[in-house]
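Just so it is clear, the structure is predicted and the values come from calculations on it, not from any experiment. If you read the sequence from its start, that first residue is 1, and numbering goes on from there. What's counted below: heavy atoms across the whole structure, side chains too, no hydrogens, waters or symmetry copies. When a ligand or atom number is given, it counts from 1 through the structure's own listing order.
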Amino acid sequence: MTELILSLDLCDRRQAASIAESCAPYIDAVKVGYPLVLSAGLGIVQDLAGLGLPLIADFKVADIPNTNRLICDAVFSAGFDAVIAHGFVGPDAVRTCVEVAHDRGGAVYVVAEMSHPGAVEFFHGGVAERIATLAVNCRADGIIAPATRPDRIGRLREIVGRRTIYSPGVGTQGGDIDTVAGLVDGVIVGRSIYEAEDPAAEAKLLSRIRR
Ligand code: XMP
């Protein structure tokens, strides 16, 4: 089954909680990032806890090992189940995230290649492949790969094998959900759902990938 993950990039706490609640029957996890946490505060995690869905902290953690440890400790203490970290910071920094996450029963997903057009400037030419290899070597639970470039997902799948691949970039960014769903373990969707006139109906429509 391919998971449908709601990216909750809203800045209003009540609106975010309400949309997440209405979409909950059709989704498998909720991804929360800086826009919502910086606007609504970490208390949003408690608002979402009642959904009974895994909560992924998209903080793209990218610091020295000690700071990564402090960030990941705070993430899991707040009640998140997983964290997204950058891999370009190197193996010691990524391993620290993995150690903290696994000690807390959580997961780490490493950004191997990003979905926006400008990402090719630095991620192509072998870098994404090296980061995916690093994610495997550091025992990360999976990687993030771009729905906007299905061919690249195929290449990164060769490296990570059966490890999880979550993929943002469908809908508003141009990726086709049906093409990508067959290649990855979960598709991350934000604006196509929460900006829809009826977010729950849109989530239900997209939840066809879960079959
Ligand atoms: P939209 O609205 O475009 O939202 O469906 C996508 C969400 O995913 C995040 N995003 C990424 N996160 N690597 C990541 O770790 C990526 O390549 C990437 N591309 C998009 C984006 O911040 C938003 O929350």
Side-chain angles (χ1 to χ4, degrees), residues 2-11 15-16 19-20 23 26-40 44 48 54-62 68 71-72 75 80 82-89 94 97 101 107-124 127-129 131-132 134-135 140-153 155-157 160 163-181 183-196 199 202-203 205-207 209:
T2 307
E3 296 175 26
L4 178 61
I5 300 166
L6 172 62
S7 183
L8 204 53
D9 298 317
L10 293 150
C11 296
Q15 187 193 15
I19 288 179
C23 294
Y26 314 113
I27 60 176
D28 302 286
V30 178
K31 182 176 82 66
V32 173
Y34 293 116
L36 183 53
V37 167
L38 293 178
S39 317
I44 186 68
L48 300 174
L55 301 178
I56 302 170
D58 184 1
F59 294 154
K60 294 190 178 68
V61 183
N68 276 5
I71 294 169
C72 290
V75 161
F80 283 104
V83 67
I84 293 175
H86 266 303
F88 66 79
V89 282
V94 172
C97 297
V108 176
Y109 303 105
V110 174
V111 178
E113 177 174 327
M114 298 190 73
S115 56
H116 60 299
V120 302
E121 177 86 9
F122 291 112
F123 283 100
H124 281 195
V127 172
E129 286 87 341
I131 294 174
L134 178 149
D141 300 271
I143 61 165
I144 307 293
T148 45
R149 298 182 208 96
D151 56 317
R152 297 290 300 155
I153 295 175
R155 172 71 191 109
L156 296 170
R157 173 64 82 192
V160 302
R163 278 189 172 71
T164 298
I165 300 182
Y166 285 148
S167 189
V170 303
T172 311
Q173 291 188 61
D176 176 58
I177 193 165
D178 296 305
T179 303
V180 173
L183 305 172
V184 301
D185 303 275
V187 177
I188 297 170
V189 185
R191 287 165 289 179
S192 296
I193 293 177
Y194 66 73
E195 287 183 352
E202 188 61 22
L205 185 70
L206 298 179
S207 71
I209 66 166

Would you mind reporting whether Glu202 and Glu195 have side-chain heavy atoms less than 4.5 Å apart? no

Sub-4.0 Å heavy-atom contact, Lys31 with ligand 1: yes

Ligand 1 contact by His116, heavy-atom criterion under 4.0 angstrom: no

Show me which atoms of ligand 1 lie under 4.0 Å from any heavy atom of Gln173. 3 (O), 6 (C), 20 (C)

Shortest protein heavy-atom distance from atom 5 (O) of ligand 1, along with the residue and atom involved: Gly190 N, 2.8 Å

Any sub-3.5 Å donor-acceptor pair from Tyr109's side-chain atoms to Ile165's backbone N or O? no

Does the N or O separation between Lys60 and ligand 1 drop below 3.5 Å for any pair? yes

To check your reading of the model: name the closest protein heavy atom to atom 20 (C) of ligand 1, its residue, and the distance in Å. Ser115 OG, 3.4 Å

among protein heavy atoms, the one nearest atom 7 (C) of ligand 1 is Ser7 OG, 3.4 Å

Does the side chain to side chain contact (heavy atoms under 4.5 Å, CB included) test come out yes or no for Cys23 and Ile193, once each step is laid out? CA-CA 9 Å; Cys23 294; Ile193 293 177; 3.8 Å; yes

Thr148 and Gln173: side chain donor to acceptor below 3.5 Å: no

Taking the side chain as everything from C-beta on, heavy atoms only, tell me whether Val94 gets closer than 4.5 Å to Leu134. yes

Pairs of nitrogen or oxygen atoms closer than 3.5 Å, one from Ile188 and one from ligand 1: do any exist? no

If we only count N/O pairs under 3.5 Å, is Ser192 in contact with ligand 1? no

Would you confirm whether Ser167, through its side chain, and Val184, through its main-chain N or O, come within 3.5 Å as a donor-acceptor pair? no

Salt bridge flag under 4.0 Å for residues Glu113 and Arg155: no

Which bit of Asp9 is near ligand 1, meaning a heavy atom under 4.0 Å away: side chain, backbone, both or neither? side chain

Does the plane of the ring in His86 sit parallel, tilted or perpendicular to the ring in Phe123? Use 30° and 60° as the thresholds. parallel

Could you check whether atom CZ of Phe122 has more than 12 heavy atoms from other residues, nucleotides or ligands sitting under 6.0 Å from it? no

Looking only at non-hydrogen atoms, which of His86, Glu195, Glu113, Arg191 approaches atom 3 (O) of ligand 1 most closely? Arg191

Does some non-hydrogen atom of Ile84 fall short of 4.0 Å from ligand 1? yes

Ligand 1 and Tyr194, any nitrogen or oxygen pair closer than 3.5 angstrom? no

Is there a side chain to side chain contact (heavy atoms under 4.5 Å, CB included) between Tyr166 and Ile143? Walk through the geometry before answering. CA-CA 6 Å; Tyr166 285 148; Ile143 61 165; over 6 Å; no

For atom 16 (C) of ligand 1, which of the options Pro168, Pro146, Pro35 provides the nearest non-hydrogen atom? Pro168

Under-4.0 Å heavy-atom contact with ligand 1, by part of Met114 that carries it: both

Indicate yes or no: at least one non-hydrogen side-chain atom of Val32 is less than 4.5 angstrom from one of Val37. yes

Can you tell me which residue and heavy atom of the protein come closest to atom 13 (N) of ligand 1, and the distance to 0.1 Å? Ile144 CG2, 3.4 Å

Need the ligand 1 atom indices (1-based, order shown) with element for anything under 4.0 Å from a heavy-atom of Asp58. 9 (C), 12 (N)

